[in-house]
2 protein chains.
Amino acid sequence: MGKKAVVLMSGGLDSSTVAAIALKEGYEVIGLSFRYGQRHAKELEIAQKIGKMLGISEHFITDINLAQWGGSSLTDLSLNLPKDGVKPNEIPSTYVPGRNTVFMAIALSLAEAKNAEAIYLGINAVDYSGYPDCRPEYLQAYQNLANLSSKIGIEGKTPQLIAPLIHDSKVAIVKKAIALNVPIDLTWSCYQGGEEPCGLCDSCRIRDEALKEVRSRK
Amino acid sequence: MGKKAVVLMSGGLDSSTVAAIALKEGYEVIGLSFRYGQRHAKELEIAQKIGKMLGISEHFITDINLAQWGGSSLTDLSLNLPKDGVKPNEIPSTYVPGRNTVFMAIALSLAEAKNAEAIYLGINAVDYSGYPDCRPEYLQAYQNLANLSSKIGIEGKTPQLIAPLIHDSKVAIVKKAIALNVPIDLTWSCYQGGEEPCGLCDSCRIRDEALKEVRSRK
């Protein structure tokens with residue numbers, strides 16, 4: 001049996017690239033995606049489609065209703081999504097309380113049950129929206145927790161949390177995606193779920209700018 | 001508005017006592033329980049009933065299917081529950097991979113959305129079943145993660161993780177429960193979900209021994 005990795009897949013550019021990286025590094029990839037109360041299910045369909053195209057071996061979709069107590073414009077339909085660009089030093093209303101902490105906890109549960117050696121994450125601390133749970137020190141604290149929390153932690157084989165894009169610019173991520181044949185135009189990063197990306201939310205803005213820059217240089 | 005605390009409530013003796021402690025300390029208590037693929041839903045009914053009796057203000061039941069990938073005799077019906085007593089230095093098959101890590105992550109999400117100052121947990125490192133995620137160093141690592149992970153963490157008001165029974169013996173917990181008028185005979189600690197507790201699983205054994213000891217001294 002080959003070495004296994006759990007990859008958190010949102011259907012977006014970053015996590016799809018991360019899945020391609022894990023596959024290239026020789027892992028058998030188990031995809032994990034969440035129906036957490038986000039505005040649309042489009043990202044789940046796309047995550048599954050991309051997983052199949054890249055050749056992952058299994059894909060779990062887990063329900064966890066973080067919209068039950070609201071607190072974010074991504075899950076609370078009574079709040080408006082911000083459309084006027086990323087503001088420096090401000091955590092935007094799209095931040096979902098505890099989302100990454102919950103997703104990684106569930107990934108640890110899956111990794112432990114499947115004896116996976118690694119958990120790959122698409123978090124990024126450069127061209128991102130200012131979420132606190134995307135920072136390197138957050139990842140380090142989570143690894144420390146994982147080392148203490150699990151049965152396999154005690155037995156000395158805790159899954160390693162790997163965020164291969166954490167220090168990359170969005171332009172660098174696009175270049176890696178191209179090199180790895182990630183179906184970039186199929187990936188979905190938009191916070192909305194329409195036919196076409198809105199082009200106005202933070203996620204669209206950051207992505208579109210990088211794609212334009214890379215493609216204009218060709 | 002009074003100060004708020006999220007309390008993880010399983011319907012068992014320990015977490016019910018912890019809810020009573022949080023209420024006594026003046027918190028408005030938000031209960032949180034999980035339908036996670038455990039063998040029976042009895043503990044959820046009981047957790048809600050006890051919450052009402054104690055006077056908590058809100059109770060969330062969250063679905064998170066940790067049985068999706070098995071790995072524990074508590075969630076995988078093809079495995080047998082151990083019935084021959086707790087073995088020293090061994091993690092039993094009832095350990096659910098990542099369970100406490102997942103539950104606490106969801107509690108953090110709820111606490112942040114509701115501006116709760118504290119999260120109360122019934123974990124115990126003395127008379128317990130040998131689960132790695134009940135140890136004080138695990139709790140400390142989680143607090144460290146919480147401090148880094150959240151929006152309110154950045155703003156300086158991270159919820160505090162409080163495990164008031166962590167160093168207590170089961171006998172000491174029973175005494176606290178009695179002093180706080182916890183409806184002990186209503187609480188349900190058994191891993192099975194029959195009409196009466198089985199009396200044979202680890203959880204029943206530890207509880208019954210303590211109850212017997214305290215009641216025989218009266």
Side-chain angles (χ1 to χ4, degrees), chain A residues 6 30 32 36 58 60-72 75-76 89 91-92 95-115 130-155, chain B residues 6 30 32 36 58 60-72 75-76 89 91-92 95-115 130-155:
Chain A
V6 169
I30 303 166
L32 177 60
Y36 64 93
E58 261 186 301
F60 289 94
I61 309 286
T62 292
D63 286 283
I64 172 67
N65 186 11
L66 299 179
Q68 216 178 345
W69 38 80
S72 165
T75 55
D76 185 342
N89 304 318
I91 298 171
Y95 170 72
V96 179
R99 182 176 62 176
N100 277 356
T101 308
V102 171
F103 289 179
M104 285 164 71
I106 296 170
L108 274 171
S109 172
L110 172 58
E112 188 166 348
K114 295 279 184 185
N115 287 312
Y131 299 151
D133 51 6
C134 288
R135 296 175 297 161
E137 53 268 44
Y138 167 80
L139 194 67
Q140 186 50 51
Y142 221 119
Q143 184 70 58
N144 182 40
L145 177 71
N147 294 346
L148 285 167
S149 72
S150 68
K151 188 169 169 178
I152 46 182
I154 284 184
E155 291 165 3
Chain B
V6 170
I30 303 166
L32 177 61
Y36 64 92
E58 264 186 299
F60 289 94
I61 308 288
T62 292
D63 285 283
I64 172 67
N65 186 10
L66 298 178
Q68 216 178 345
W69 38 80
S72 166
T75 56
D76 185 342
N89 304 318
I91 298 171
Y95 169 73
V96 178
R99 183 176 61 175
N100 278 356
T101 307
V102 171
F103 288 179
M104 285 165 71
I106 296 170
L108 273 171
S109 172
L110 172 58
E112 187 167 349
K114 296 277 184 186
N115 287 314
Y131 298 151
D133 50 6
C134 289
R135 297 174 296 162
E137 55 267 45
Y138 167 80
L139 194 67
Q140 186 51 53
Y142 222 120
Q143 184 70 59
N144 182 40
L145 177 70
N147 294 347
L148 284 167
S149 73
S150 69
K151 189 168 168 177
I152 45 182
I154 283 184
E155 291 164 3

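What you see is a predicted model; the values in this text were computed from it and never measured. Here is how names work: the chains are called A, B, and so on, in the same order as the sequence lines, proteins then strands, and each is numbered from 1.
If you tally non-hydrogen atom pairs under 4.5 Å between each of B:Q68, B:M104, B:Q140 and chain A, the highest count goes to B:Q68.
Scanning all heavy atoms of the two residues, the minimum distance from B:T101 to A:A105 falls at O-CB, 3.6 Å. In terms of heavy atoms, B:G98 sits closest to A:E112 at N-OE1, 4.0 Å. Summarising the geometry of A:W69 relative to B:S109, their closest heavy-atom pair is NE1-OG, 2.9 Å, with the distance given to 0.1 Å.
Here the straight-line distance linking atom OH of A:Y138 with atom CG of B:L148 works out to 9.5 Å at 0.5 Å rounding. Rounding to the nearest 0.5 Å gives a distance of 10.0 Å between CG of A:L66 and CG of B:L110.
With B:T62 as the partner, the side chain to side chain contact (heavy atoms under 4.5 Å, CB included) test is satisfied by one option alone out of A:I64, A:D63, A:N65: A:I64.
Using a 4.5 Å cut-off between heavy atoms, A:L32 touches chain B through its side chain atoms alone.
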